[in-house]
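Step one of this worksheet: look at the structure below.
Please read these numbers as outputs of a predicted model, since none were measured by experiment.
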Amino acid sequence: MNSIKKVKRMYGAFTNAGIQDFIAYRASFVGFFLGEILICFVMYFIWKAVYASAGNSTFMGFSMVDMMVYIFLTNIAGFLTGTDSTYSIAEEIKDGSIIMRLIKPVKVDLSFLFFELGNKVMIISCVFIPVILGLEIYRYVMLGYVAFNPIRLILFMFSISISYLLAFYLNLIFGYLAFFLLNLWGFNILKESIIKFFSGAIIPLAFFPEVVRNIFEYLPFASLTYTPVMIYMEKYNGSTLLLNLGLQLLWLSFFIWLSKLIWKWAERRLAVQGG
């Protein structure tokens, strides 16, 4: 209990700052959100044409209703797991302000993490809940029965929490490269493209050939988006569900360990522009 109070006292201000940051730039976020929703509807009509041309009600185990839910869930998963840790730490390394975090009695990774958690609190209340409600109303209208499963929602939230932490530390590790490369803009675009493809955010991994799919599902990228979405949609059950949750935890443990290892190495050769 004392340790929880200590963490709250040390990092609570970062979370409050994250909430204030979201409120301050809410107009920008709303514009971004509407753009993402528009992309979802574009994807919907593309897949609708695919299903119409296939002449089947299901395609690779996905009905059109499943596909609609998948499109919007992967989008909302992107909001929940999205992180600016790469950009934030890279910019602070470039301008030298990283030194201000180093002289404070806080851990660098946790200070970034708790700041972003403030943003996530607002995203859950302002975006996640309305989108899930809309999806469940859509499923009820299309299927004729209530498909919502509260246990699946709990499992989804647990899985997506692991996904966010995994994405945070993966991006944090990439941000540490700024100690050596200084400018990560081009590499960051490449990284995001790779993650979107291999995480199933563009095409469900189930649509790939079995050999390729089996490889992709064991990579850490699948744990970022595909795993929590498949859990919510009840595509993962029993041992498959436990296996994929275990993979998420395994990859998370690995990237936390790797981030701490790289940080200790990079800290020794700290050289910043303007620092």
When hydrophobic residues are tied together by side-chain contacts of less than 4.5 Å, even through go-betweens, does W257 share a cluster with I173? yes
When hydrophobic residues are tied together by side-chain contacts of less than 4.5 Å, even through go-betweens, does F45 share a cluster with M64? yes
The criterion is salt bridge (charged side-chain N to carboxylate O under 4.0 Å, His left out); which residues satisfy it with K260, sequence neighbours excluded? D109
Any side-chain to backbone donor/acceptor pair from N75 onto I71? Under 3.5 Å, distance only. no
Please examine the side chains of L155 and N149, heavy atoms only from C-beta on, and report whether any two atoms are closer than 4.5 Å. no
Is R152 reaching over with its side chain to a backbone N or O of I231, donor-acceptor style, under 3.5 angstrom? yes
Please report the interatomic distance CD(E217) to OG1(T227), rounded to the nearest 0.5 Å. 7.5 Å
Nearest 0.5 Å, what's the CG-CD1 distance between L135 and I76? 9.0 Å
Starting from the C-alpha separation in whole Å, work towards a yes-or-no answer on side-chain contact (heavy atoms from CB on, under 4.5 Å) for F41 and F72. CA-CA 9 Å; F41 280 106; F72 277 86; 4.0 Å; yes
Are V141 and L133 connected, step by step, through hydrophobic side chains (Ile, Leu, Val, Met, Phe, Trp, Tyr) whose heavy atoms are closer than 4.5 Å? yes
Drop me the distance from I195's CD1 to L170's CG, to the nearest 0.5 angstrom. 5.0 Å
Point-to-point distance, once rounded to the nearest 0.5 Å, from CD1 of I203 to OH of Y70: 9.5 Å
Non-neighbouring partners of E136 that pass salt bridge (charged side-chain N to carboxylate O under 4.0 Å, His left out), sequence neighbours left out: R139
Looking at every non-hydrogen atom in both residues, tell me the closest pair between S199 and T225 and how far apart they are. O-CB, 3.7 Å
With rounding to the nearest 0.5 angstrom, report the OG to CZ distance, S259 to F168. 8.5 Å
Whether the side chain of K48 engages the backbone of M43 through a donor-acceptor N/O pair (distance < 3.5 Å, no angle test) should be reported. no
Mark yes when over 12 heavy atoms from residues, nucleotides or ligands other than I151 sit less than 6.0 Å from its CD1; otherwise mark no. no
Roughly how far, to the nearest 0.5 Å, is the CG atom of L249 from the CZ atom of F158? 5.0 Å
Count I, L, V, M, F, W, Y as connected when their side-chain heavy atoms are under 4.5 Å apart, and connections chain through other members. Are F148 and V131 then in the same cluster? yes
Side-chain heavy atoms of L252 within contact of I256, under 4.5 Å: yes
Same apolar cluster (I L V M F W Y, side chains within < 4.5 Å links), I124/I154: no
What residues form a ring-ring contact (aromatic ring centres under 6.0 Å, His included) with F156, not counting sequence neighbours? F128, Y232
Could you walk me through whether Y218 and W251 pass side-chain contact (heavy atoms from CB on, under 4.5 Å), step by step? CA-CA 10 Å; Y218 279 92; W251 280 117; 5.9 Å; no
For the residue pair M67 and P204, what are the closest heavy atoms and their distance? CE-CG, 3.6 Å
My understanding is that only residues two or more places apart in sequence, or in another chain, count here; which of them pass salt bridge (charged side-chain N to carboxylate O under 4.0 Å, His left out) with K235? D66
Could you go through the side-chain contact (heavy atoms from CB on, under 4.5 Å) check for W263 and L172 one step at a time? CA-CA 10 Å; W263 172 253; L172 194 68; over 6 Å; no
If you draw a 6.0 Å radius around OH in Y140, do more than 12 non-hydrogen atoms from other residues or ligands fall strictly inside? no
Could you go through the side-chain contact (heavy atoms from CB on, under 4.5 Å) check for V229 and V69 one step at a time? CA-CA 9 Å; V229 170; V69 173; over 6 Å; no
Report yes if some heavy atom in the side chain of N171 is under 4.5 Å from a heavy atom in the side chain of E192; otherwise report no. yes
With ring-ring contact (aromatic ring centres under 6.0 Å, His included) as the rule and sequence neighbours excluded, what pairs involving residues 191-212 come up? W47-F207, F59-F207, F62-F207, F197-F208, F198-F216, F198-F221, F208-F216
Would you give me the side-chain donor-acceptor pairs under 3.5 Å for residues 160-167, sequence neighbours excluded?
unit_1: S161; atom_1: OG; unit_2: M157; atom_2: O; d: 2.7
unit_1: S163; atom_1: OG; unit_2: S159; atom_2: O; d: 3.0
unit_1: S163; atom_1: OG; unit_2: S223; atom_2: O; d: 2.6
unit_1: S163; atom_1: OG; unit_2: Q248; atom_2: NE2; d: 2.8
unit_1: Y164; atom_1: OH; unit_2: E116; atom_2: OE1; d: 2.7

